[in-house]
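What follows is a set of notes on a single structure, which appears directly below.
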Amino acid sequence: MTTRVTFIGLGVMGYPMAGHLANAGLEVRVWNRTHAKAEQWAKEYPGQAFETVADAVQGAEFVMTCVGADKDLIEVYEGEHGIIANAADGAVLIDHTTATADVAERLAAAAGSRNQAFIDAPISGGQQGAEKGQLTVMCGGTDAAFDKARPLIDHYARAVTLLGPVGSGQKTKMVNQIAIAGLVQGLSEALHFAEKANLDVTKVVDVISKGAAQSWQMENRSATMIAGEFDHGFAVDWMRKDLGICLAEANKVNASLPVTALVDQFYGDVQAMGGRRWDTSSLIQRLRKLR
């Protein structure tokens with residue numbers, strides 16, 4: 001029998017992720033807050049759009065979510081019309097939202113009371129990774145739930161790892177965002193310095209990318225940063241949301257994140273410049289405007 005999957009949230013990530021599942025031959029149902037987006041998806045892929053969460057999850061063996069933040073998760077999971085109250089007994093619930101570990105633990109407990117498994121599975125790789133099916137997925141949950149979920153996640157991922165119990169996926173995503181924040185600021189300062197020093201910045205990047213300074217950000221974002229193009233991925237607004245989660249969790253566990261806190265402020269400056277929807281590499285524009 002065909003596996004029945006429901007995908008909740010068809011943003012820039014969820015839309016192609018659900019598409020990969022449908023193209024793999026699974027029976028896919030979708031729901032999105034803006035129903036027209038769900039209808040458009042159903043025209044593009046083999047699957048069915050539903051107007052309510054409750055109807056979309058009826059009889060689904062797996063329910064996947066990719067929404068905005070904690071409040072959105074609570075809205076779609078809890079209450080009499082939410083996922084937990086309406087999904088089948090034994091269903092596996094997989095959340096790809098970047099959210100707090102606290103909300104993951106809360107939803108896992110609620111799902112467990114109805115004999116449903118919950119996996120927090122935030123993703124990295126951006127819109128391009130979602131479209132190409134090359135995401136990195138960081139999971140928290142039980143071994144049994146992960147073993148059931150992994151074959152489905154593999155349809156849009158290049159790497160899927162279980163890091164520990166529920167909440168571990170979200171905490172690992174925090175580690176990811178902390179590392180990215182420092183890397184992007186460092187790359188921004190390096191390119192800005194090269195520009196001010198009247199160097200051929202493209203040649204400089206070509207040379208240093210073959211040594212210890214090489215990074216994914218350098219390989220994939222330096223050219224667009226040099227060109228002043230910032231519509232290539234994860235938006236500043238979303239990064240600030242994520243860094244806020246990181247800083248709050250760091251406060252709970254008594255971790256010191258001075259660079260992360262500073263870069264978060266720098267992203268605030270980018271927002272004030274009108275760059276709320278620019279991608280995260282736009283930190284260089286702040287430096288260009290300072291002098």
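Keep in mind that the numbers below use all heavy atoms, side chains included, and drop hydrogens, waters and symmetry copies. Every value quoted in this text rests on a predicted model; they were computed, and no experiment measured them.
Both F266 and I180 belong to a single network of hydrophobic side chains, linked directly or stepwise wherever heavy atoms of I, L, V, M, F, W or Y lie under 4.5 Å apart. Note: the hydrophobic cluster containing I83 does not contain V92 (ILVMFWY, side chain heavy atoms under 4.5 Å, direct or indirect links).
Side-chain atoms of R114 come within 3.5 Å of backbone atoms of A85 as a donor-acceptor pair (strictly under, hydrogens ignored). At least one donor-acceptor pair under 3.5 Å links the side chain of Q116 to the backbone N or O of A87. A donor-acceptor distance shorter than 3.5 angstrom exists from the side chain of T100 to the backbone of V103, with no hydrogens or angles considered. The main-chain N or O of R4 is found under 3.5 Å from a side-chain atom of E61 such that the two form a donor-acceptor pair. A distance-only check finds no donor-acceptor pair linking the side chain of R277 to the backbone of A235 [under 3.5 Å]. Checking side-chain atoms of K148 against main-chain N and O of F62 turns up no donor-acceptor pair under 3.5 Å. Formation of a donor-acceptor pair under 3.5 Å by the D279 side chain with backbone atoms of H232 is found in this model. Judged purely by atom type and a 3.5 angstrom limit, T6 uses its side chain to pair as donor or acceptor with the backbone of A56. Put simply, the side chain of N86 gets close to the backbone of E80: a donor and an acceptor are under 3.5 Å apart. A side-chain donor-acceptor contact under 3.5 Å links W41 to the backbone of Y15.
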Full working for side-chain contact (heavy atoms from CB on, under 4.5 Å) between V263 and V184: CA-CA 9 Å; V263 175; V184 176; over 6 Å; no
Test log, rule side-chain contact (heavy atoms from CB on, under 4.5 Å), inputs H155 and L26: CA-CA 11 Å; H155 289 302; L26 303 174; 4.2 Å; yes
Pair V30-L10, side-chain contact (heavy atoms from CB on, under 4.5 Å): steps then yes or no: CA-CA 8 Å; V30 298; L10 300 175; 3.9 Å; yes
side-chain contact (heavy atoms from CB on, under 4.5 Å) evaluation trace for L93 with D95: CA-CA 7 Å; L93 315 180; D95 177 43; over 6 Å; no
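Residue E44 places its CD atom among more than 12 non-hydrogen atoms of other residues, nucleotides or ligands, all under 6.0 Å distant. Within a 6.0 Å sphere centred on CD of E51, heavy atoms belonging to other residues, nucleotides or ligands number 12 at most.
The minimum heavy-atom distance between D120 and P165, with the atom names listed, is OD1-O, 4.5 Å. A60 approaches A88 most closely through the heavy-atom pair O-CB, 4.0 Å. Between S282 and V270, the shortest heavy-atom contact is OG-CG1, 3.6 Å. A pairwise comparison of heavy atoms in L257 and C246 identifies CD1-O, 3.9 Å as the closest pair. Nearest heavy atom pair, residue K241 against residue A69, reads CD-CB, 4.0 Å. Minimum heavy-atom separation, A181 to L243: CB-CD2, 4.2 Å.
Note that NE2 of H20 is 8.0 Å distant from CD of E131, once rounded to the nearest 0.5 Å. Between atom CD of residue Q170 and atom CG of residue N176 there is a gap of 11.5 Å, rounded to the nearest 0.5 Å. Once rounded to the nearest 0.5 Å, the distance linking CD of Q285 with CZ of F230 reads 4.0 Å. To the nearest 0.5 angstrom, I178 atom CD1 is 7.5 Å from L247 atom CG. Atom-to-atom distance recorded for L199:CG and K203:NZ is 11.0 Å, nearest 0.5 angstrom. How far CZ of R221 is from CD of E229: 11.0 Å, rounded to the nearest 0.5 Å.
Ring geometry for Y156 against F7 counts as perpendicular: the plane angle is over 60°, on a 0 to 90° scale with 30° as the lower cut.
Between L187 and M225, some side-chain heavy-atom pair lies under the 4.5 Å cut-off. In this structure, D269 and K289 have side chains that are not in contact, with every pair of non-hydrogen atoms separated by 4.5 Å or more. Inter-residue side-chain proximity for V67 and E75 is flagged as unmet; no heavy-atom pair is nearer than 4.5 Å. Two residues are said to be in side-chain contact when any heavy atoms from C-beta on lie closer than 4.5 Å; D242 and F234 meet this criterion. The side-chain heavy atoms of H96 and M17, taken from C-beta on, include a pair separated by under 4.5 Å. You'll find the side chain of T65 reaches within 4.5 Å of the side chain of Y77, heavy atoms only. Between L283 and Y267 there is a side-chain heavy-atom pair separated by less than 4.5 Å. Side-chain contact between T97 and D72 is absent, with no heavy atoms from C-beta onward closer than 4.5 Å.
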